[in-house]
Amino acid sequence: MPQARELPGFYYDPEKNRYFPIKGPIPGSSSKTKTPTLKSPSNQLQEKSRSSCRKLRNTTSKLLQARELDGCHVTASRYCKCNFTEEYRKIQASKPAVWKYRGTDKIGISALEHLRVDLQTSEGRSETDVLLTGSINGSLSFSEVGRVGQYFDGGIKWMPECMGNYAIGKTVEHDAVPGPVFRPNGASLLMSSRISCIRLGPKCSSHALNDGPIAGHALFTTLGSETSGGSVYALGLVEPLDLGPGILNTWSRLEEIASFRCTLWTADYDYNRHRAIIGTNLGGASVDLETGITSWFLRCKSDVFAQQIVNSGNVILCGLRNGAIVTVDFREKRERLAGRLITHRISYTSSDKKVGGSNKEWFKLTGDIYPSHTIRMPSSISCLVSLQYDDQYFLASSMDGSMRLYDRRILQRGAVQSYEGHVNSHTLIQLGVDPAERFVMSGGEDCKLRLWSIKSGELLFEDKFSDSVLSTVCYQTYKSFKAEEQNQYKHDSSLGAWLGSHQGLYYMHWL
């Protein structure tokens with residue numbers, strides 16, 4: 001067959017032997033305008049455009065003045081026309097307030113989720129926010145957010161300390177201080193090994209305060225140790241939690257779904273089929289959360305460090321230790337001989353070799369995959385995040401510090417955006433994408449936190465306020481810390497993020 005020609009506006013799928021139109025805008029761009037062609041960050045014209053917009057954002061007053069003169073489409077210079085709303089959001093993103101919770105230095109956070117639950121107290125049911133944290137020593141813990149522990153007889157209370165308010169350059173007023181984090185006695189359970197991953201299952205509708213959806217249940221995995229492998233667990237959250245005298249009733253809901261003789265690096269939740277998708281040092285597998293039956297869909301000699309289920313629930317992205325990102329497609333069940341997975345010999349171009357006849361490398365995979373949809377980053381994959389806005393796009397980071405945005409329809413053309421400045425060499429670091437999917441943040445091995453614009457790739461925030469790598473992040477997606485008559489702490493921000501490291505818990509919000 002002759003080699004397929006590139007057609008403007010179309011991409012060629014070798015598996016289906018046909019062209020498909022490229023639909024959907026680049027994430028973060030207007031749906032009413034034509035998708036812009038993103039250029040390399042080294043392009044001089046793009047750099048001049050970014051520089052002009054950065055100068056305009058130095059002060060909000062200049063941006064407001066420009067809007068009065070030009071309207072919503074602000075002209076910064078002959079190189080740059082900016083959208084006022086986008087530029088103002090970038091100003092907000094670049095000037096957060098950061099708080100550290102004193103006394104959390106020895107928690108050793110390895111996994112973190114913020115959820116809303118029904119809490120059973122002596123005064124009845126109460127809807128509240130809690131943090132579910134996993135630690136490197138195997139501890140799984142609940143902590144109440146924004147209260148002072150009035151429903152409990154005892155526990156540990158951590159108070160926030162302002163590490164920096166980049167918006168005004170000084171400590172915020174007292175009424176903007178986020179509330180304490182309180183861990184009741186008995187609200188921690190020690191597992192067999194490090195908590196490697198926490199994922200939340202489907203959420204139920206809120207029936208009380210209508211402030212946010214109630215979490216249905218939590219899925220988490222243990223990494224495994226030298227003497228035993230990792231395990232998959234589920235914890236029911238539909239019924240009210242009792243973190244007081246009845247804490248044993250809460251922990252009795254914890255169920256070990258499956259155990260393995262291998263290392264469990266990561267996991268994701270398949271909402272459509274009610275199963276866990278796990279990444280191990282032997283490949284990828286799915287675990288039915290009702291029966292515990294395990295089915296391997298990917299076998300390889302390279303560890304699966306990162307996974308991401310695309311919104312449709314049909315496609316799973318697997319990031320490997322060797323830097324490959326493999327697409328596993330469940331939509332087409334292929335015939336298997338004697339129950340065996342299909343073996344593929346995958347080629348990819350090595351970035352470590354000069355271009356020439358010997359720049360191809362090969363590795364073997366067995367599973368229901370499309371070889372033509374396999375790409376490689378320069379180093380081991382650290383994190384994968386599929387965008388909700390358009391599930392054709394996903395973010396990927398690797399352990400050499402590379403961060404990129406890809407479009408699954410045109411994978412072989414390379415990344416559609418890159419993000420400069422990330423520092424990594426060997427650490428699994430989680431990427432955090434805000435609910436509106438305008439920005440992506442990540443910690444680095446230099447202990448700095450960085451935040452970029454997903455659309456432009458521009459670095460908007462960079463600072464060091466932690467003494468260890470900020471490896472975990474989760475966003476607060478609804479209003480929290482509601483003020484009460486007896487509670488002096490209140491905060492009504494629509495956007496906030498929790499950051500965890502091996503030496504502390506942090507909270508970041510935008511005013």
Side-chain angles (χ1 to χ4, degrees), residues 41 93-94 96 98-101 104-112 133-137 163-164 166 194-198 223 263 265-266 279 281 302-308 319-325 351-352 376-385 394-405 415 417-434 439-454 457-475 497-508:
S94 65
V98 182
W99 305 82
K100 179 180 180 179
Y101 281 84
T104 60
D105 304 72
K106 297 182 180 180
I107 292 180
I109 298 174
S110 58
L112 176 67
T133 56
S135 70
I136 57 177
N137 68 358
M163 304 300 291
Y166 302 87
R194 170 181 178 147
I195 307 298
S196 56
C197 188
I198 298 177
L223 182 67
T263 302
W265 292 109
T266 187
N281 62 318
S302 185
D303 300 52
V304 178
F305 279 159
Q307 287 180 319
Q308 177 65 67
L320 308 185
R321 180 190 287 270
N322 65 12
I325 300 177
S351 60
D352 300 326
R376 186 197 183 195
M377 293 188 73
S379 184
S380 301
I381 305 301
S382 176
C383 186
L384 297 171
V385 179
F394 68 91
L395 291 157
S397 64
S398 61
M399 292 188 187
D400 71 324
S402 298
M403 283 182 58
R404 298 170 183 172
L405 176 69
Q417 187 58 274
S418 297
Y419 307 91
E420 304 298 327
H422 183 44
V423 178
N424 195 6
S425 64
H426 64 277
T427 307
L428 290 173
I429 302 176
Q430 186 179 358
L431 301 179
V433 176
D434 71 294
F439 310 106
V440 56
M441 71 164 65
S442 177
E445 287 187 350
D446 56 356
C447 300
K448 289 184 177 181
L449 182 78
R450 295 175 176 85
L451 184 144
W452 298 263
S453 165
I454 292 180
E458 182 181 356
L459 179 62
L460 301 174
F461 176 81
E462 178 183 23
D463 197 22
K464 178 181 177 179
F465 49 80
S466 171
D467 294 328
S468 58
V469 179
L470 296 163
S471 57
T472 60
V473 57
C474 67
Y475 271 90
W498 294 96
L499 305 167
S501 73
H502 291 179
Q503 296 183 12
L505 175 67
Y506 298 81
Y507 181 71
M508 172 183 286

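By convention here, the first residue in the shown sequence is residue 1. For the numbers below, each heavy atom of this structure counts, side chains included, while hydrogens, waters and symmetry mates do not.
Taking the side-chain hydrogen bond (donor to acceptor under 3.5 Å, both in side chains) definition, one finds that Asn281 meets it with nothing, sequence neighbours left out. With sequence neighbours excluded, the residues that form a ring-ring contact (aromatic ring centres under 6.0 Å, His included) with Tyr506 are Phe465.
Side-chain atoms of Phe305 and Met399, non-hydrogen and from C-beta on, do get closer than 4.5 Å to each other. Residues Val473 and Met508 have side chains not in contact (no heavy-atom distance under 4.5 Å, counting atoms from C-beta outward). Contact of the Leu449 side chain with the Asp463 side chain is not registered, since no non-hydrogen atoms from C-beta on lie closer than 4.5 Å. Using a 4.5 Å cut-off on side-chain heavy atoms (C-beta onward), Leu320 and Asp303 make no contact. Side-chain contact between Leu459 and His422 is absent, with no heavy atoms from C-beta onward closer than 4.5 Å. Contact check for Cys447 versus Asp467: no side-chain heavy atoms found under the 4.5 Å cut-off. The shortest side-chain heavy-atom distance between Trp265 and Leu223 falls under the 4.5 Å cut-off. Considering only heavy atoms from C-beta on, Met441 stays 4.5 Å or farther from Leu470 through its side chain.
When all heavy atoms of Ala111 and Ile198 are compared, the closest pair comes out as CB-CG1, 3.6 Å. The shortest heavy-atom contact between Lys448 and Lys464 is CG-CB, 3.7 Å. Contact detail for Ile454 and Val440: the closest heavy-atom pair is CG1-N, 3.8 Å. Contact record, Ser501 with Val469: CB-O, 3.1 Å, taken as the closest heavy-atom pair. Among all heavy-atom pairs drawn from Ser379 and Asp400, the shortest one is CB-N, 3.6 Å. What you find for Gln417 and Gly457 is that their closest heavy atoms are NE2-N, 3.8 Å.
Note: Ser94 OG to Phe439 CZ = 8.5 Å, rounded to the nearest 0.5 Å. Going from atom CD1 of Ile195 over to atom CD1 of Ile136 covers 11.5 Å, rounded to the nearest 0.5 Å. Remark: Arg376 CZ to Ser398 OG distance equals 10.0 Å, nearest 0.5 Å. Residue Cys383 holds its SG atom at 8.5 Å from CG of Leu395, rounded to the nearest 0.5 Å. Between atom CG of residue Asn322 and atom CE of residue Met377 there is a gap of 12.5 Å, rounded to the nearest 0.5 Å.
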### Task
Check step by step if side chain to side chain contact (heavy atoms under 4.5 Å, CB included) holds for Tyr419 and Arg450.
CA-CA 10 Å; Tyr419 307 91; Arg450 295 175 176 85; over 6 Å; no
### Query
Does the side chain to side chain contact (heavy atoms under 4.5 Å, CB included) test come out yes or no for Leu460 and Ser453, once each step is laid out?
CA-CA 7 Å; Leu460 301 174; Ser453 165; 4.2 Å; yes
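Judged by distance alone, the side chain of Arg194 and the main-chain N or O of Ser110 form no donor-acceptor pair under 3.5 Å. The backbone N or O of Thr472 sits nowhere less than 3.5 Å from a side-chain atom of Trp498 that would complete a donor-acceptor pair. Under the 3.5 Å distance criterion, the side-chain polar atoms of Gln308 are left unmatched by any main-chain donor or acceptor of Phe394. One N or O on the side chain of Glu445 and one on the backbone of His426 form a donor-acceptor pair closer than 3.5 Å. Side-chain N or O atoms of Ser382 include one that pairs as donor or acceptor with a backbone N or O of Ile429 at under 3.5 Å.
Remark: the Thr266 side chain and the Gln307 side chain contain no N/O donor-acceptor pair separated by less than 3.5 Å.
Annotation: Tyr507 is not in aromatic contact with Trp99 [ring centroid separation under 6.0 Å not met].
Each of Gln503, Lys100, His502 was scored for a side-chain hydrogen bond (donor to acceptor under 3.5 Å, both in side chains) with Asp105, with one residue passing: Lys100.
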